Chemist: 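Could you have a look at this structure, given as structure tokens, before my questions?
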Amino acid sequence: MRKISITILLAIAFVGPSWAEVSVAPYLEKIPGYTARQQEEIVKLGDRKQLGSYPATVLNEFILKSYSRWEVVPTGEGVPVEVEVYELADPPGAFGLYSLWDRTAHPQLSGRLNLPIEHRYAGQDLIFWRNSYFLHLRQADAGNQKEKVEQLVRSLLDVIPAVNALPVAIAHLPVDELRGESVEFYLGQNGLALNPDFPKPLVPVVGLQDHIEIGFGRYKPDNTPLFLIAYPTPAVAQKYSVKIQDALSEYFGPGIYLKKSGPLIGMVVGSETDATRLLGRLNYKAKVKWIEEKPKDESAETRTFLGTVTRAIIGTLVFLLVTGGLGIVVGYFRYLFIRSHPEWRKKNEMIRLKLDER
């Protein structure tokens with residue numbers, strides 16, 4: 001009987017994952033007015049060189065957890081919509097895929113709809129990111145369906161929780177004159193290789209192995225490229241700043257200008273005038289905001305307890321010293337008073353009971 005139980009448990013352990021749904025499934029099933037039907041699911045890239053038009057190497061850098069393809073069908077009249085969902089490890093990864101759409105052989109999307117979220121739209125395609133999901137919607141007959149697409153996207157925004165945390169390297173890009181459609185995000189060498197503006201001799205020395213982030217954007221009026229490299233700490237940024245400057249001493253090519261600000265290094269490829277203008281806007285200011293209750297510091301509690309005990313001991317010693325001092329002062333004044341009044345020396349004789357006498 002025991003062997004049978006173990007066999008059943010092992011079977012559940014191996015078969016169970018195949019029954020599990022991708023994490024986006026419960027959200028798609030809650031879309032009001034639509035029915036979601038899963039067409040495909042991929043949880044491992046295996047030997048694939050790419051998925052969709054994204055190279056597998058880039059997907060690995062952003063840590064792809066799953067890919068699924070759905071057909072979302074209106075319950076009434078309407079055209080079915082094909083939805084591709086890339087689930088990444090975190091929101092920055094989802095934003096990374098969103099930002100590299102144009103770099104990965106996808107059709108350019110420069111249009112916008114009336115939606116309360118960053119997105120790109122053109123013809124049959126619409127892309128946006130939400131939480132750790134990057135979503136691509138495609139509608140076969142999109143001629144007069146803009147309102148339907150907007151409705152579907154708004155419904156998706158209602159059912160998928162909003163945790164759109166921008167990467168540090170993107171959140172700190174200077175905003176003035178930034179061309180929004182040019183913003184891109186990289187986490188590794190394969191993604192960075194898609195950008196021809198990044199100086200190739202600097203790739204080995206920027207510190208990609210230290211879990212850095214690289215943001216990119218172009219600035220008006222001349223489409224000047226600016227890279228923003230975010231390091232874990234200012235000390236790490238300082239270390240790589242020196243390495244980058246050393247590498248630039250042997251670099252021959254377009255002008256490259258650097259500025260370090262806290263854990264960030266801004267790099268402009270272009271003229272000195274543009275570099276001065278853009279890098280002058282890079283000023284990192286750290287902000288700390290607790291998003292949950294601060295954990296208790298046990299060492300602080302120990303220090304507080306010891307401080308209480310110490311204060312109690314000191315208070316006791318002070319009390320004894322003050323009491324003893326007052327006793328001495330009172331005794332001295334009593335001595336002076338009796339000395340000046342001899343009659344107080346006489347004391348009434350003690351009353352004794354002479355019980356042994358008869």
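These values consider heavy atoms only, across backbone and side chains, with no hydrogens, waters or symmetry-generated copies. Not measured: the values here are computed from a predicted model.
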Chemist: On the 0 to 90° scale, with breaks at 30° and 60°, tag the Y284-H172 ring pair as parallel, tilted or perpendicular.
Modeler: tilted

Chemist: Apart from I314 itself, what residues make up its hydrophobic cluster, given side-chain heavy atom links below 4.5 Å?
Modeler: V318, V322, L326

Chemist: Is S132 reaching over with its side chain to a backbone N or O of E87, donor-acceptor style, under 3.5 angstrom?
Modeler: no

Chemist: State whether the side chain of N164 and the backbone N or O of N131 hold a donor-acceptor pair below 3.5 Å, judged by distance alone.
Modeler: yes

Chemist: Is it true that a side-chain atom of E61 and a backbone atom of N190 form a donor plus acceptor pair closer than 3.5 Å?
Modeler: yes

Chemist: Looking at K239, I want to see if its NZ is surrounded by more than 12 non-hydrogen atoms of other residues, nucleotides or ligands under 6.0 Å.
Modeler: yes

Chemist: From Q238 CD over to K243 NZ, what is the distance, rounded to the nearest 0.5 angstrom?
Modeler: 12.5 Å

Chemist: Hey, is the main chain of E84 close enough, under 3.5 Å, to the side chain of H136 for a donor-acceptor pair?
Modeler: no

Chemist: Would you say that more than 12 heavy atoms from the other residues, nucleotides or ligands in this model lie under 6.0 Å from the CD of E272, or not?
Modeler: no

Chemist: Give the C-alpha distance, both sets of side-chain angles, the deciding distance and a yes or no for ring pair (Phe, Tyr, Trp, His ring centres under 6.0 Å) between Y86 and Y54.
Modeler: CA-CA 11 Å; Y86 296 80; Y54 286 103; 5.5 Å; yes

Chemist: Considering residues, nucleotides and ligands other than R37, do more than 12 of their heavy atoms fall under 6.0 Å from its CZ?
Modeler: no

Chemist: Would you say E40 has more than 12 foreign heavy atoms packed within less than 6.0 Å of its CD?
Modeler: yes

Chemist: Mind checking the CG-CG spacing from L51 to L97? Nearest 0.5 Å is all I need.
Modeler: 9.5 Å

Chemist: So, applying side-chain contact (heavy atoms from CB on, under 4.5 Å) with F216, which one of L226, L228, D197, L173 is it?
Modeler: D197

Chemist: Honestly, is R130 close enough over Y98, meaning NZ or CZ under 6.0 Å from the six-membered ring centre and within 45° of the axis?
Modeler: no

Chemist: What is the distance from atom OG of S271 to atom CZ of R277, rounded to the nearest 0.5 Å?
Modeler: 7.5 Å

Chemist: Can you tell me if T323 uses its side chain to pair, donor with acceptor, with the backbone of L320 under 3.5 Å?
Modeler: no

Chemist: Are any side-chain N or O atoms of K260 and backbone N or O atoms of G262, one a donor and one an acceptor, separated by less than 3.5 Å?
Modeler: yes

Chemist: Can you tell me if S155 uses its side chain to pair, donor with acceptor, with the backbone of I31 under 3.5 Å?
Modeler: no

Chemist: Would you say that more than 12 heavy atoms from the other residues, nucleotides or ligands in this model lie under 6.0 Å from the CD of Q189, or not?
Modeler: no

Chemist: Just by distance, do the side chain of W101 and the backbone of P107 share a donor-acceptor pair under 3.5 Å?
Modeler: yes

Chemist: Would you find a donor on one side and an acceptor on the other, under 3.5 Å apart, between the side chain of K259 and the backbone of L279?
Modeler: yes

Chemist: Looking only at atom types and distance, does a side-chain atom of H119 sit under 3.5 Å from a main-chain N or O of L126, one as donor and one as acceptor?
Modeler: no

